[in-house]
Amino acid sequence: MEISIVAEKIGHIGPLPITNSILLSWVVSVLLIILAVLATDKIKAIPEGIQNFFETIIEFLFNTANSVIEDEEKTRKYFPLVATIFIFVIANNWIGLVPGVGTIGLHTIKNGHATLIPLFRSGNADLNTTLALAVITMIAVQVFGVAAIGIVKYGKKFINFSSPINFFVGILELIGEFARIISFSFRLFGNVFAGEVLLVVVAFLVPLVAPLPFFFLELFVGFIQALVFTMLALVFIKGATAEIH
Amino acid sequence: MDALSALGIDGKLLIAQIINFLILMFLLYKFLYNPILKILKERQDKIAKGLKDSELSQKILQETEEKTRKLINKANQDAEKIVQETKKSMEEEASKAISKAQTKSEEILVAARNQAKIEQDQIFTKAKKEIADLVATATEKILETKQEKTQIAKEIEKIK
């Protein structure tokens, strides 16, 4: 049994290496877009089936976002980002639990051992994905902050010569923004990767029945991590767009 | 940089994931968030309007009911008033008619009495006259006889 912290390469498209995690995140993205088109293709005032399902999710997310932002107009502006984060993260987390993900692959010889290179790997069990989400979120937070209160006011948060204390607070804030990228990406990666490892280990030890509670646990963790990422993004947006006193 | 590659971080993959996410966000916005938020808003507005309308119609209904009740009350009062007035005027008329009839009957009575008196008087007069005539005739006759007697007595005296 070998568990790799790095997503395995399975091919190339030009200069771009294709890893099993980016492949699965593409599959997830395409599935999500197909579902979205199906949900709203024949949109009706009285919802039915898949439209109803997505309406419930969107409404839940919108109310959650609005409970943090507390301004419906603003929430509408930031909603696409936070909703996509939530949906992308939870879809990737849950699809990683589908049997076959992580087990179907190519047997190859690597460093003298017979190893399995899985075809799919949960997108969030790869730091590239979580780091990409974190970078997008933190850049978006800065953009929203500047757009909401102006570049001068927003810049004062980081570069402030009004007093030595404020100057150092500004530097700390600046470091904090980068720390947030790291905490964002490692939190999600750590949780999902740990879940994968846990499931592999439990399934290796007791293949039947025993992994079941852990599957439920991972379903729950997948939801919670998506929610945590979304809520933190919302809180950072709220903080960045608020006037500084 | 060794630490980053040990964790599997690859600039190309990172950028690919960022682009992937941005495309996903754009497409989901176009196909999911926008239409669904729009329809949710529409539904909310519709429900709010429906509630408002129902409230309004409830209010109108109440007002109408009140108006109707007032109208009925007023109509009842009017009707009662009219009935009472009619009763009153009828009673007045009746009493007038009765008093008129009384007066007339009295008049008739008086007239009848007068007539009766006149007739009585006439009868009396007539009877008096007749009695007087009769007495006169009787007296005449008696007188005649008396005169004769006196004459006889006179004659007798003369003779004496």
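Hydrogens, waters and symmetry mates are skipped; everything else that's a heavy atom, side chains included, is used. Convention: sequence-line order gives letters A, B, ...; per-chain numbering from 1. As the structure is a prediction and not an experimental result, all values here were calculated from the model.
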Give the minimum heavy-atom separation between A:D126 and B:G8, together with the two atoms involved.
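Heavy atoms of A:D126 and B:G8 come nearest at OD1-O, 4.3 Å.
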
Ignoring hydrogens, what is the shortest heavy-atom contact between A:I43 and B:P35? Give both atom names and the distance.
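Closest heavy-atom pair between A:I43 and B:P35: CD1-O, 3.7 Å.
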
Less than 4.5 Å to any heavy atom of chain B: does that hold for the side chain of [X], its backbone, both, or neither?
| X | answer |
| --- | --- |
| A:L61 | neither |
| A:I136 | side chain |
| A:I87 | side chain |
| A:A7 | neither |
| A:F193 | neither |

Find the distance between [atom1] ([X]) and [atom2] ([Y]) and round it off to the nearest 0.5 Å.
| X | Y | atom1 | atom2 | answer |
| --- | --- | --- | --- | --- |
| B:I36 | A:I58 | CD1 | CD1 | 5.0 Å |
| A:R76 | B:L37 | CZ | CG | 5.5 Å |
| A:S29 | B:M25 | OG | CE | 12.5 Å |
| B:L7 | A:S185 | CG | OG | 9.5 Å |
| A:I22 | B:N20 | CD1 | CG | 6.5 Å |
| A:L16 | B:K12 | CG | NZ | 8.0 Å |

Max heavy-atom pair count under 4.5 Å with chain A, selected residue of B:I23, B:L14, B:I19, B:D10
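Most pairs with chain A among the choices: B:L14.
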
Determine the option with the most heavy-atom pairs under 4.5 angstrom with chain B, choosing from A:G123, A:S21, A:A83.
A:A83

When only pairs under 4.5 Å are counted, which of A:V30, A:I33, A:I5 shares the most heavy-atom pairs with chain B?
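Heavy-atom pair counts peak at A:I33.
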
With a 4.5 angstrom heavy-atom cut-off, could you sort out which part of B:K41 is near chain A: side chain, backbone, both or neither?
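Looking at B:K41, just its side chain touches chain A.
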
Just wondering, more than 12 heavy atoms not from A:I46 lying within 6.0 Å of its CD1?
no

Does A:K238 NZ have over 12 foreign heavy atoms under 6.0 Å away?
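Count over threshold, so yes.
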
Option passing side chain to side chain contact (heavy atoms under 4.5 Å, CB included) with A:T84 (candidates B:L22, B:L28, B:L32, B:L27)
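Of the listed options, the one satisfying the test is B:L28.
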
Do B:F21 and A:I85 pass the side-chain contact (heavy atoms from CB on, under 4.5 Å) test, and can you show the C-alpha distance, the side-chain angles, and the key distance before you say yes or no?
CA-CA 8 Å; B:F21 182 86; A:I85 288 172; 3.6 Å; yes

Please determine whether a side-chain nitrogen of the Lys or Arg among B:R43 and A:E59 lies less than 4.0 Å from a carboxylate oxygen of the Asp or Glu.
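A salt bridge is absent here (no side-chain N lies under 4.0 Å from a carboxylate O).
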
Using modelled atom types only, decide if a donor and an acceptor are shared between the side chain of A:T40 and the backbone of B:F31 within a distance under 3.5 Å.
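Present.
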
Applying ring-ring contact (aromatic ring centres under 6.0 Å, His included) between B:Y33 and each of A:F79, A:F54, A:F62, A:Y78, report the one that passes.
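That would be A:F79.
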
Quick one: do B:I39 and A:Q51 satisfy side-chain contact (heavy atoms from CB on, under 4.5 Å)? Show the steps, please.
CA-CA 11 Å; B:I39 209 157; A:Q51 186 194 336; 4.1 Å; yes

